[in-house]
Amino acid sequence: MAASDLPKKYNNATSEENWGKKWALHAVYQYNPNVDRSQTYVIDTPPPTVSGSLHMGHVFSYTQTDIVARYMRMTGKNIFYPIGWDDNGLPTERRVQSMFCIRCNPQLPYDPEFKPKNAKGGKKTQKEVSRQNFLEACKIQTASDEIKYEGLWKHLGLSFDWNQQYATIDEHCRKVSQNSFLDLVDKNHVYSSKAPTMWDTTFQTAVAQAEVEDREKHGHYHDIKFKTDCGEELVISTTRPELLAACICVVAHPDDERFQHLFGKFAITPVFHSKVPILKAEHADPDKGTGILMVCTFGDSADVDFWKTTSLPLKQIIGRGGKLVKIEFGKEEFASENPKVANSNYQELVGLYAKQARKKMVELLGDSLCAEPKPTEQIVKFYEKGDEPLEFISTRQWFIKILENKNTLVEQGKKVKWHPEHMFKRYEQWVEGLNQDWCISRQRFFGVPFPVWYKLDAQGEPDYDNPIFASKEQLPLDPQVTNPVSYSEEQRGQPNGFMADPDVMDTWATSSVSPQISSHWKGNDGRHAKLFPADLRPQAHEIIRTWAFYTITKSWMHEDKIPWHNIAISGWVVNPDKKKMSKSKGDTVTPDDLLKTYSADALRYWAGKARLGNDTVYDESVFKVGLRLTTKIFNASKFVLMQMYDKEGKFKTNSPGLITEPVDVAWIRKMNLLISQSTAHFEKYDYAIALSQTESSFWDFCDFYLELTKTRAYKQKEQASGQSALATLEHSLRSFIKLFAPFVPYVTEEVWNFEFSKLDGESPFVHSSLWPCAIELNKNAIESKQLIDLSKEVLNKARGLKSSNQKSLRWPINSMFIKGTAKDIDLIKLVESDIILSTSLKQAPTYQVLEQKPEESFFSIEMELSETKE
RNA sequence: GGGCGUAUAGCUCAGUUGGUUAGAGCACCUGCCUUACAAGCAGGGGGUCCCAAGUUCGAAUCUUGGUACGCCCACCA
């Protein structure tokens, strides 16, 4: 390439397409399994939930990790940087249901003819399909989403090793996940039990504590009259009158004077005439409502907690679908003083949803209701992805034992380095506040099945106490398809035969082994040893309580290890009102459009400006600045390189040994400092500081150093003075390109490939080249910073004078008179010839040495413009 | 109610261990096509560093107490 062949303008779109292809073709980002662990850097990439589209929050946090990965790669490390897709779980099911307008009914047989069709705006009623048909639809949907995601990631320049791709529903992940479950069974960290569990009635599944959130909801206090067995009247205030049939007792605070005489006696419920005991309960607040309340199975978690302390019956009236189920008063737990009336009243409620039953109940209560229901704002638990309040329903679930290990798990968390440090507090507080074991079973379909069956007795009833676990050689398996080794398929569902565990695992149960999925735990011991524990887990702060916590938990349970040495917590992208940008608010912008408008490098620049853990306000003006930076990098690089072609048009490098001129040496000192600081910041994951320092030094390079020395470099090419400038320019440019490379990979690669990539001993790609290092200087120490500051002052003063006199910058200066201390004058004389050349000064400046008087500003420049342009 | 974080120019943010007159970019105003870059260059205006008290020769910075905002958790009849 000759100087004239350098492209005129930078086209980011062409560059992105071109380098994307070449990086892939040359496997620049490929992990090398033969390199030693100490020279490898392992990243436990978050597998994004495949649920339709990626937003700017993804771009933000994934770019930040990529910046670190690119830096590490340039320090010579072998990078293991996988990408996975979290495609199983409820978000996918919900999306598939609405996308294809179908619903899973596990009772139906497989229909090989059924093909899911996109039902956009089409029919409203959901077609019921078999489990297998439903799973097929899920796979079709996730596969097409994953292709879209992949396209965006590649465009953004994320340097994943695409050979290390996985999906949490694929065979390999199912195997690791099921292995994980069986290992925890072996180690006695897992149990199943039938107990009241938080239950989403819409999705009809259990949910874990970590997936629950509080929401404000309108409700009403209903004041209901109860009678005691001695004829006294009691008023109980409740927001859930529909649970009256499930009332098991009435409680008040042990110290409450008003109710002392009632403890030990019984109350009779209105409408159903059930006789329930009046008991003491610490959780009853004398100041709330009427001070006395009913306990139902189950109105809230307090009811569950209290129920567990008693031997009172379980009256389950809410069914799994959220409707009131059929029960019979007068029998077993549903004792009644008047079963006939009770049953006739309850008949009105059967089949209604809780909300409808509440209304009906008001009618049934009639006179037993003291007053009109009073409105109140209550806080109710919801599944984070659900629209109806959670119920507590007694169901059989699998749990991982967390509570007995809380202290150990806090200690494990301490062994990980948190960036920023204070994020550890969130982890600690969450673990300390936990009050339930981790429920990992979900009554859903698109997930990893439990590798478990149950024996059926002669009546066909399952024996839950002695589950049959799959052998590890069978994994992965679906117990609904595969039979246990000790049984034949014909015995499925038969008396004295077996049945499959119908549930699937919580998505987190699988994603919490993401490091082991990548390392091929229990599949390839050598690989596992090289990749586990990982070096870095990048993730967002709202999932510290789930993903980070569960991953730490599982690594400890499996191998008594921490899963990674560092965890980097990214902030959020927020609106100007400081609220998280979210899709539901309709204010997200699609990354694809922004990539087209501003370029990948510009978006990356925006992400790179934000420090870890800090939220960033979405501000398009930052993209513009990023775009401008890429243009400047391109133009300045081109200009510097242009100086380096000889008369024959041949590109010529200049060794650092040629750097002799004082101002050049001073500039190199500045570069050395920049490089060492930038490196130090990257090592602490403070990439944002590295970027801002590099950026400001680079503009300084363009506006000061380059302006001051370009004439010397150009006119004195054959002399030592010119070569000193050329060598300085070359070293500076090469360093800047590398320092910028993790942030803006496309433009730096473009520039690197003008000439640097072709030189002997240099890497063909900037991203596989080595991080810059400082140049050893054997010159005597001079006051580098002061020399630069003084020359900058002279240069800017000359430009300012011309500017304010409305003269072009090429306009000549007749004379210049500089006053300063002896030291200042000595320094400025070192750069005299550059000043003459760069300011179009007609003769050498004159100087005056002043006595040093610290209280005065004594460095001053006077100059006189030429009358004419010549 | 508990924990964490943030508060600096109109906007977005830097500000190291306390140390001259508190910085940058964007936006705004003035001037200038210079051997790359007008997507550029030079210059300018713009601040009660959230409030109060304290420590100190000296506080944006340290201490205490507030206020506002954000996040996580808890409360949930």
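Computed over heavy atoms, backbone and side chain alike; hydrogens, waters and symmetry mates excluded. To find a chain, count down the sequence lines: A is the first, B the second, and so on, and within it residues start at 1.
- The OH atom of A:Tyr605 sits 8.5 Å away from the CZ atom of A:Phe740 when rounded to the nearest 0.5 Å.
- A salt bridge is defined here as a Lys NZ or Arg NE, NH1 or NH2 lying under 4.0 Å from an Asp or Glu carboxylate O, and A:Arg734 with A:Glu730 meets this definition.
- For A:Arg628, taking side-chain heavy atoms from C-beta onward, the closest of the listed nucleotides B:G43, B:G5, B:A27 is B:A27.
- When the side-chain nitrogen and oxygen atoms of A:Lys8 are compared with OP1 and OP2 of B:C37, one or more of them lie within a distance under 4.0 Å.
- Between A:Tyr550 and A:Trp438, the ring centre distance stays below 6.0 Å.
- Taking only side-chain atoms of A:Asn614, from C-beta outward, the nucleotide of B:A36, B:A14, B:C73 with the closest atom is B:A14.
- For B:C75, the base has a donor-acceptor partner in the side chain of A:Asp214 [N/O atoms by modelled type, under 3.5 angstrom].
- As rounded to the nearest Å, B:U20 and B:A27 have C1' atoms that lie 30 Å from one another.
- Contact between the side-chain N/O atoms of A:Lys792 and the OP1/OP2 oxygens of B:C41 is not found at any separation under 4.0 Å.
- Comparing atom distances between the A:Gln209 side chain and each of B:C41, B:C26, B:A74 picks out B:A74 as nearest.
- For the C1' atom pair drawn from B:G10 and B:G47, the interatomic distance equals 12 Å after rounding to whole Å.
- Within the nucleic acid shown, A:Val380 comes within 4.0 Å of at least one base atom, counting heavy atoms only.
- Environment of NZ in A:Lys225: crowded, with over 12 heavy atoms of neighbouring residues, nucleotides or ligands closer than 6.0 Å.
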*asked:* Base contacts versus sugar-phosphate-only contacts with protein, heavy atoms under 4.0 Å: please encode nucleotides 28-33 of chain B as B, S and - from 5' to 3'.
replied: ---BSS
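- Counting non-hydrogen atoms under 4.0 angstrom, A:Lys797 reaches nothing in the nucleic acid.
- For A:Gln429 against B:G2, a side-chain N or O and a base N or O form a donor-acceptor pair under 3.5 Å.
- Cation-pi geometry between A:Arg545 and A:Tyr427 is not met: the NZ or CZ atom fails to fall both under 6.0 Å from the ring centre and inside 45° of the normal.
- For the P atoms, the distance linking B:C29 with B:A36 amounts to 27 Å, nearest Å.
- With distances taken from any side-chain atom of A:Lys638 to the nucleotides B:C13, B:A36, B:A42, the minimum falls on B:A36.
- Electrostatic pairing of A:Lys652 and A:Glu755 does not count as a salt bridge here, judged by no charged N lying under 4.0 Å from a carboxylate O.
- In this structure, of B:C4, B:C72, B:A36, it is B:A36 that holds the atom nearest to the side chain of A:Phe639.
- For A:Glu707 against B:A36, a side-chain-to-base donor-acceptor contact under 3.5 Å is present.
- In this structure, A:Trp606 has its ring center closer than 6.0 angstrom to the ring center of A:Phe60.
- Counting only heavy atoms from C-beta on, A:Arg426 has its side chain closest to B:C4 among B:C4, B:A36, B:C26.
- Taking the charged nitrogens against the carboxylate oxygens, A:Asp700 and A:Lys670 do have a contact shorter than 4.0 Å, which makes a salt bridge.
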*asked:* Expected output check: what is the dot-bracket annotation of RNA chain B, where ( ) and [ ] are pairs inside the strand (brackets for crossing ones), | is paired with another strand, and pairs are Watson-Crick or G-U under 3.5 Å?
replied: (((((((..((((.....[...)))).(((((.......))))).....(((((..]....))))))))))))....
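- For the C1' atom pair drawn from B:A22 and B:A59, the interatomic distance equals 12 Å after rounding to whole Å.
- The closest donor-acceptor contact from the side chain of A:Lys717 to the backbone of A:Gln643 lies under 3.5 Å.
- Between A:His283 and A:Phe306, the distance separating the two ring centers is shorter than 6.0 angstrom.
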